[in-house]
Enquirer: 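The structure is given below, and queries will be raised subsequently.
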Amino acid sequence: MSYLTEGYTLRSWLTTHDHKRIALLYAVAITAFFFVGGAAATMMRLELATPAGDLVSADTYNKLFTIHGVIMVWFFLIPSIPSVLGNFLVPMMIGAKDMAFPRLNLASWYIYVIGGAFTLAALVAGGVDTGWTFYTPYSTMFANGHVVLVIAGVFVVGFSSILTGLNIIVTVHRLRAPGLTWFRLPLFIWANYATSLILILATPVLAMTLTLIALERLAGIGIFNPALGGDPLLFQHLFWFYSHPAVYIMVLPAMGVASEIIPCFARRPVFGYRFMAYAILGIASIGFLVWGHHMFVSGQSLYAGMVFSMLSFLVAIPSAIKVFNWTATLYKGSITFSAPMLYALGFVGLFTIGGLTGLYLASLALDVHLTDTYFVIAHFHYIMVGGSVMAYLGGIHFWWPKISGRMYPEMWGRAAALLLFFGFNLTFFPQYLLGYLGMPRRYHEYAPELQVLNLFSSAGAVVLAAGYLLPLGYLGWSLLYGKRASANPWEATGLEWQTSSPPPQHNFHETPRVERGPYGYDPVR
Amino acid sequence: MATIQFDSAEERRSASLLGMWLFLATEVLFFGPLFFGYLRGRLAVHEAFVSGSHHIHFWLGTANTALLLTSSLTMALAVERAKLGRGVRLMLSLTAALGTAFLCIKAYEYASELGEAASARGGEAMFYFLYFAMTGVHALHLAIGIGLVAWLWLTARRYGERYSMPVEVTGLYWHFVDIVWVFLYPMFYLLERYNA
Amino acid sequence: MRYVAVWAALLVLLAATAGSSYIPMGGWNAFANMAISSLKALLVALFFMQLRHEGALVRLAAVVALVWLALLFGLSWTDYSTRGASHAPWSARP
């Protein structure tokens, strides 16, 4: 009996309290949203294949990038690793039978679905053109789209994030197996724990800030309207107080995934375990202190800009520690380039490029030139897509045998990983150059001399789209025809590999006891 | 069935209490933008806030504060009695009644202030916006609290020496809502009363 | 009985805060209001919410929330407190 065979009816899935089944419910839902957001991105890249605005109107283009941002940020990236892999793995990695609050866990999925319904309703009803950032005064006074409906969707889905974060924190505190002390925890747990802290401390600020936008839009008065003595920049402060840490909500769990995969396929204990754990907490905390770097040219005080610039540079320190430590883990390892490892290495490389270009944007003077150009687009896509999505797919492949009980086809896995790496760079590296040349974001037409680079980018998007469809195909195939997986096909350490694949309903037949730290890999195999 | 993840009732209780405290941490930051918006607005258009404050009912606000502080006492006593397993219903009834009285007075205040608020201009309009938004979000929280207390009343038989966690957790929430009001009261009702 | 004493103290503080608003103290009125409110909140948290009996973890949760709120206020204030001080060519004049 495994958790998959506990019940076959739709009802048994929709009323389950099992964290593993809830993880799969999330996986299905976020995959659907990923392809909706991806379709919007594809339309944008098609439009940008030619300098003239010929495929879609300016208005439609505005709606496309808004819906792409809203869906990818709140309905895919933020729940991706914490709600799917985190939900599945956190209890198993700490030797627990379930999350601390299973019913709350299921409720958070339903809340996600309700929030998604609001957003899709707004999309069907005609969309929104404010951009995912909802900047005032446009969103409160001028935009004609269904702003309130989209805000309602984001507000609701925020509570799903908060409940998942709360559940993970309490689970890690209260349900660790005997002997599993904090410094014996896998880094994936550290990463999801730190992410959950951000989720519960930042998300409520966004929820209230968006409520204030909706109220101001409906009532015609509010705290962001300068005519009443309000301040539009106040919205930006409050919005980025959430939305900058939100980047770390996306990338910290990705770091956790990479920290599991790299030691396993290098057959080496992770280098500098304690520094890795401290770096995770450091990134989570410093990430809250840097939001003003989104506002350097917004009219924010120059002195605040200096403070935020300096603090932004500080995030580079723990991030660099992590990159160096992953690299050092590889040193003298017996490396296997299996599909999860290719994704993880791709993550490290792309995250490094994304992180280093972030330093350009954290520099006050350079940012004046680069603000709102494609340089920014390239930078955050290297972090969010090159970083988070690569790691998410790496994690899905790495734990696929555990989740499904089947092996995925290895050659297809490697091919998809390489195709994605190539397609990603082809799409987004030209955007750095375009941004530096001065192409602004959020326009549906551009100067003709920028067409060559834009064509590279659009061609890359096609490769990327194919790369994302591939795993959907072969992972689906493997569910029916894949080779049966053993309990521990990768010879990995970690409690989740000590139980059968797929695991039984309550994860372990006997509560495991832990007597040593994680990553007890032997370099010689 | 739903509690297989815990080894003992005590582990379940401590997990639930921690969960509620974390939720309250979330609530603090949920109110955060409102408080910060108030602070910035008050420093930007101080005079308008003062004159707005003089238009709302000092005595009703003060009486409401006393009602809510008293409801916190009865809620604390409800938790104490739930652990003893007797007399919990009386305290829950008093708590819900005090909370309801608060909401009734608040509703009366809203009704009598609405006309003035609708005609307010400039900074005073922003004052009224914050007043309705902040006390409104607070009232919504209180209404949810009354609902939870009513549910505890209906299930009061279950609570005793060995199991009183739901009463404790609801109590934490109730006291938090009380604390929010403790700050809202001087922010809206007490601006330069000596000039009123 | 201890609860009743705390309640009485809360009502005394309520009287103090309401009364203080009739004494002209300028900026100190706001200070007095916030100081008394904080004291009331502390009493409710320590006694009614049993914070004084809770372990380090729960206390930490309570403190972290306030620290994060302070971050929101403090770092935003680096902007508001210096916005009029000097201007970049592109920044708004108040």
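This structure is a prediction, so every number in the text was calculated from the model and none was measured. Throughout, a chain's letter reflects where its sequence line sits, starting with A, and its residues are numbered from 1.
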Enquirer: Answer with side chain, backbone, both or neither: which region of B:L130 has an atom nearer than 4.5 Å to a non-hydrogen atom of chain A?
Expert: side chain
Enquirer: Counting only non-hydrogen atoms closer than 4.5 Å, does A:I200 touch chain B with its backbone (N, CA, C, O), its side chain (CB onward), both, or neither?
Expert: both
Enquirer: If I measure from the heavy atoms of chain B, does A:I162 come under 4.5 Å with its side chain, its backbone, both, or neither?
Expert: side chain
Enquirer: Is the count of non-hydrogen atoms from other residues, nucleotides or ligands lying under 6.0 Å from B:W153 atom CH2 greater than 12?
Expert: no
Enquirer: Is B:E168 salt-bridged to B:R13, cutoff N-O under 4.0 Å?
Expert: yes
Enquirer: In terms of heavy-atom proximity below 4.5 Å to chain B, should A:D231 be classed as side chain, backbone, both, or neither?
Expert: both
Enquirer: Strictly under 6.0 Å, is that where the ring centroids of B:F58 and B:F188 end up?
Expert: no
Enquirer: Taking the ring of B:H138 and the ring of B:F102, is the distance between their centroids below 6.0 Å?
Expert: yes
Enquirer: Given B:Y110 and B:T135, is the side-chain hydrogen bond (donor to acceptor under 3.5 Å, both in side chains) satisfied, shown in steps?
Expert: CA-CA 10 Å; B:Y110 281 163; B:T135 59; 2.6 Å; yes
Enquirer: Is it the case that more than 12 heavy atoms not belonging to B:Y194 sit under 6.0 Å from its OH atom?
Expert: yes
Enquirer: In terms of heavy-atom proximity below 4.5 Å to chain A, should B:A125 be classed as side chain, backbone, both, or neither?
Expert: both
Enquirer: I'd like to know if the side chain of A:Y193 pairs up with that of A:H173 as donor and acceptor (distance under 3.5 Å, no hydrogens or angles considered).
Expert: yes
Enquirer: For A:A207, is it the side chain, the backbone, both or neither that has a heavy atom under 4.5 Å from a heavy atom of chain B?
Expert: both
Enquirer: Quick one: what part of A:F224 sits under 4.5 Å from any heavy atom of chain B, side chain, backbone, both or neither?
Expert: neither
Enquirer: Against chain A, label B:V137 side chain, backbone, both or neither, depending on which of its atoms sit under 4.5 Å from a heavy atom there.
Expert: side chain
Enquirer: So which part of B:F23 gets closer than 4.5 Å to some heavy atom of chain A, the side chain, the backbone, both or neither?
Expert: both
